[in-house]
Amino acid sequence: VIRLTFADWESEVEGSIQVEVVGDAAGDPVSPLTPADFASRARRLATTLRATPALFQQLRSDLYPVNEFADPDPYAFGIAGAGLPTNVVSPAQYELAPDEALLVESAEIPVRFRNIQLGNRWLESLDYASRQTSLNGTQSYLDRDGVYRFVLAHVDPGVPNWLDVAGHPQGTIFMRWNKPPGLDAPKPAARVVKLAELRSYLPAGHPTVTPAERAATLERRRQAYNRRTNP
């Protein structure tokens, strides 16, 4: 598995990776698929289709608190590094009514990469190409007190770090840090607030994003995603 991280979607270019098989066996023809091989693979596929969703549901139910975050953990998915060496993950679930918002506060720390990402109840990523359902450190607005403030909501609240729940009243959140060894990642704080009262929980000087500015941001996002996936 090769995992790439992109901070500046509009400028960074995906690396080119090639895998070459060396040795005498590289030129051997592939053996034909026998009925016994097919039956064995089909049984394994059926087991995977049954077991994988159940595993994710168990993880969510047992480990992800609702509207608050679990402690940052390098073994958040049962795997050291949780996807990348020195990765630390703090997961959560959210449940939001149409008139509510979840305000997430996360302190800035010196990391190689950080992001926050929304998923549905089955831990699948929401549409991150045309909706702002994820933000990394380059894309996120940092308040002057050194805190990132993200707002999950059904509608655009006019703040820079809005995370669009994309019609999902329930879902999952993953906060990730790829950090130098020995550096602690502080647990994010979260609270449910009424959308109409959101501004009273934000610091003075926190920017307002107009509908035109949001549309421009989303268009740049869509174009950057398209360039990366269709080079």
Check your understanding: If Ile, Leu, Val, Met, Phe, Trp and Tyr residues are connected whenever their side-chain heavy atoms lie under 4.5 Å apart, and connections chain through other members, are Leu152 and Tyr128 in the same group?
Key -> no
Practice item. Please confirm whether the backbone N or O of Lys187 pairs with a side-chain atom of Asp71, one donor and one acceptor, at under 3.5 Å? Key: no
Check your understanding: What are the two closest heavy atoms between Leu96 and Ala101, and how far apart are they?
Key -> CD2-C, 3.8 Å
**Study point:** 4.5 Å side-chain heavy-atom contact, Trp177 and Ile109
**Key:** yes
Exercise for review: Using atom types as modelled and distance alone, determine if a side-chain donor or acceptor of Ser61 lies under 3.5 Å from a backbone N or O of Gln58.
Suggested key: no
Check your understanding: Given side chains that start at C-beta, do those of Asp73 and Val89 come closer than 4.5 Å, heavy atoms only?
Key -> no
Exercise for review: Please find out if less than 6.0 Å separates the ring center of Phe174 from that of Tyr64.
Suggested key: yes
Check your understanding: Honestly, is Arg228 close enough over Phe6, meaning NZ or CZ under 6.0 Å from the six-membered ring centre and within 45° of the axis?
Key -> yes
Review point. Does some side-chain heavy atom of Phe113 sit less than 4.5 Å from a side-chain heavy atom of Asn115?
Key: yes
Practice item. Please lay out, stage by stage, how Arg149 and Ser140 fare under the test side chain to side chain donor-acceptor pair (under 3.5 Å). Key: CA-CA 9 Å; Arg149 290 178 171 86; Ser140 301; over 6 Å; no
Practice item. Look up atom CG in Asn178 and atom OG1 in Thr86, then write down how far apart they are to the nearest 0.5 Å. Key: 4.0 Å
Check your understanding: Considering all heavy atoms of both residues, which atom of Leu195 and which atom of Ala153 are nearest to each other, and what is their separation?
Key -> CD1-CB, 4.0 Å
Check your understanding: What are the two closest heavy atoms between Thr138 and Asn136, and how far apart are they?
Key -> N-OD1, 2.9 Å
**Study point:** Distance-minimising heavy-atom pair for Pro72 and Ala185
**Key:** CG-O, 3.1 Å
Check your understanding: Mind checking whether Leu103 and Leu202 have side chains closer than 4.5 Å, heavy atoms only?
Key -> yes
Check your understanding: Given the rule that I, L, V, M, F, W and Y join up when any side-chain heavy atoms are under 4.5 Å apart, are Phe69 and Leu163 in one cluster?
Key -> yes
Practice item. State, to 0.1 Å, how close Pro110 and Leu183 come at their nearest heavy-atom pair, and which atoms those are. Key: O-CD2, 3.2 Å
Check your understanding: If Ile, Leu, Val, Met, Phe, Trp and Tyr residues are connected whenever their side-chain heavy atoms lie under 4.5 Å apart, and connections chain through other members, are Leu142 and Met175 in the same group?
Key -> yes
**Study point:** Audit row: Val159, Arg199, side-chain contact (heavy atoms from CB on, under 4.5 Å) steps and yes/no
**Key:** CA-CA 9 Å; Val159 296; Arg199 281 286 166 182; 3.6 Å; yes
Check your understanding: Is there a donor-acceptor contact under 3.5 Å from the side chain of Asn120 to the main chain of Trp122?
Key -> yes
Practice item. Establish, from distance only, whether the side-chain atoms of Ser90 and Arg176 form a donor-acceptor pair under 3.5 Å. Key: no
Review point. Counting only N and O atoms by type, is there a donor-acceptor contact under 3.5 Å from the side chain of Glu12 to the main-chain atoms of Ala7?
Key: yes
Exercise for review: Return yes if a side-chain donor-acceptor contact under 3.5 Å exists between Ser40 and Arg44, otherwise no.
Suggested key: yes
Check your understanding: What is the distance from atom CD of Gln132 to atom CG of Asp156, rounded to the nearest 0.5 Å?
Key -> 8.5 Å
Check your understanding: Is there a donor-acceptor contact under 3.5 Å from the side chain of Glu213 to the main chain of Pro160?
Key -> no
Exercise for review: Determine yes or no for a side-chain-to-main-chain donor-acceptor pair under 3.5 angstrom, with Arg121 supplying the side chain and Gln57 the backbone.
Suggested key: no
Practice item. Verify side-chain contact (heavy atoms from CB on, under 4.5 Å) between Ser134 and Arg221, making sure each step is shown before the conclusion. Key: CA-CA 11 Å; Ser134 69; Arg221 185 182 184 95; 2.9 Å; yes
Exercise for review: State, with a plain yes or no, whether a side-chain heavy atom of Leu102 is found less than 4.5 Å away from one of Val151.
Suggested key: no
Review point. Does Ala97 offer a backbone N or O that forms a donor-acceptor pair with the side chain of Glu100 under 3.5 Å?
Key: yes
**Study point:** Validation row, ring centre Tyr94 to ring centre His168 under 6.0 Å
**Key:** no
Study note, to complete from the structure: Here the pair of heavy atoms bringing Gly205 nearest to Arg144 is CA-NH2, 3.8 Å
Exercise for review: Taking the side chain as every heavy atom from C-beta outward, state whether Asn230 and Tyr225 have any pair of such atoms under 4.5 Å apart.
Suggested key: no
Check your understanding: Going hydrophobic residue to hydrophobic residue with side-chain gaps under 4.5 angstrom, can you get from Phe150 over to Val209?
Key -> no
Review point. How long is the gap from CD on Glu10 to CZ on Arg227, to the nearest 0.5 Å?
Key: 6.5 Å
Review point. Side chain of Asn161, backbone of Tyr141: donor and acceptor closer than 3.5 Å?
Key: yes
Exercise for review: Answer yes when Glu108 and Arg114 have at least one side-chain N-carboxylate O distance shorter than 4.0 Å, and no when they do not.
Suggested key: yes
Review point. Are the side chain of Asp127 and the backbone N or O of Ser130 linked by a donor-acceptor pair below 3.5 Å?
Key: yes
Review point. How long is the gap from CD on Gln139 to CD1 on Ile116, to the nearest 0.5 Å?
Key: 12.0 Å
Revision key, fill the gap. Interatomic distance, CZ@Arg43 vs CZ@Arg41, rounded to 0.5 Å, equals 12.5 Å
Exercise for review: Look at the side chain of Asn67 and the backbone N and O of Glu95, then say whether any donor-acceptor pair between them is shorter than 3.5 Å.
Suggested key: yes
Review point. Would Leu4 and Trp9 show up in the same hydrophobic cluster when neighbours are defined by side-chain heavy atoms closer than 4.5 Å?
Key: yes
Review point. Would a 4.5 Å heavy-atom cut-off, applied to side chains only, mark Leu218 and Arg131 as touching?
Key: no
Check your understanding: Is the shortest heavy-atom distance from the side chain of Gln117 to the side chain of Ile173 under 4.5 Å?
Key -> no
